[in-house]
Amino acid sequence: HIGELWRVGSMEEVCMVGDSPSNDVSFGRAAGAATALLDTGRRLSEGGETNGAELVVSNLAQLAALLFGSFRLASPLLEPSLHAKRPPPSPATAAAAAAA
């Protein structure tokens with residue numbers, strides 16, 4: 001089971017992303033993961049269904065916004081203080097101060 005190999009605490013923390021409803025979405029759902037279908041048109045050759053994917057996107061650029069809107073994401077990278085505007089650094093040398 002991939003969750004054990006990757007040492008994931010719970011499959012609720014995993015989202016399987018793929019372009020095949022019959023393979024990627026089905027296997028992700030069977031593993032208990034959330035699923036996202038990258039709809040490249042392949043689903044049309046596999047019967048036209050999404051196989052119950054929680055998210056369906058036509059390109060990966062859409063996926064991040066949908067993940068943020070659909071799931072609770074816990075990461076130190078999401079800490080608001082990391083994204084706060086900070087003052088510019090002071091020049092470290094006289095030459096750098098002259099150039100600034």
Side-chain angles (χ1 to χ4, degrees):
H1 191 274
I2 197 161
E4 294 168 358
L5 290 174
W6 289 354
R7 297 186 178 127
V8 174
S10 166
M11 286 305 287
E12 293 176 354
E13 299 177 24
V14 175
C15 182
M16 173 65 175
V17 179
D19 67 343
S20 170
S22 61
N23 292 315
D24 304 322
V25 174
S26 294
F27 294 142
R29 290 177 53 87
T35 55
L37 176 64
L38 176 60
D39 192 3
T40 59
R42 182 173 175 180
R43 74 179 170 98
L44 297 175
S45 67
E46 294 182 11
E49 298 295 322
T50 64
N51 279 9
E54 283 89 353
L55 303 172
V56 179
V57 297
S58 59
N59 63 63
L60 288 176
Q62 296 173 325
L63 186 58
L66 287 176
L67 287 173
F68 277 97
S70 301
F71 298 94
R72 184 184 64 78
L73 301 176
S75 168
L77 297 176
L78 299 175
E79 180 63 37
S81 64
L82 288 177
H83 306 284
K85 183 142 177 86
R86 292 177 170 61
S90 300
T93 65

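Values in this document were obtained by computation on a predicted structure and should not be read as measured data.
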**Report entry** Cluster overlap Val14 with Phe27, hydrophobic side-chain contacts below 4.5 Å
**Finding:** no
Query - Leu55 and its side chain to side chain contact (heavy atoms under 4.5 Å, CB included) partner, picked from Leu37, Thr50, Leu67 - result: Leu67
Query - All side chain to side chain contact (heavy atoms under 4.5 Å, CB included) counterparts of Ser90, not counting sequence neighbours - result: none
Requested in this report: Drop me the distance from Leu63's CG to Ser58's OG, to the nearest 0.5 angstrom.
Outcome: 11.0 Å
Query raised in the report: Under 3.5 Å, side chain of Asp24 to main-chain N/O of Asp19, donor-acceptor pair present?
Result: yes
Report summary line: Rounded to the nearest 0.5 Å, the CG atom of Asn59 sits from the CG atom of Asp39 at a distance of 10.5 Å
Query raised in the report: Is it the case that more than 12 heavy atoms not belonging to Glu12 sit under 6.0 Å from its CD atom?
Result: no
Report task. For residues Arg29 and Glu54, determine if any side-chain heavy atom of one lies less than 4.5 Å from a side-chain heavy atom of the other. Result -> yes
**Report entry** Side-chain donor or acceptor of Ser26 paired with backbone N/O of Pro21 under 3.5 Å
**Finding:** yes
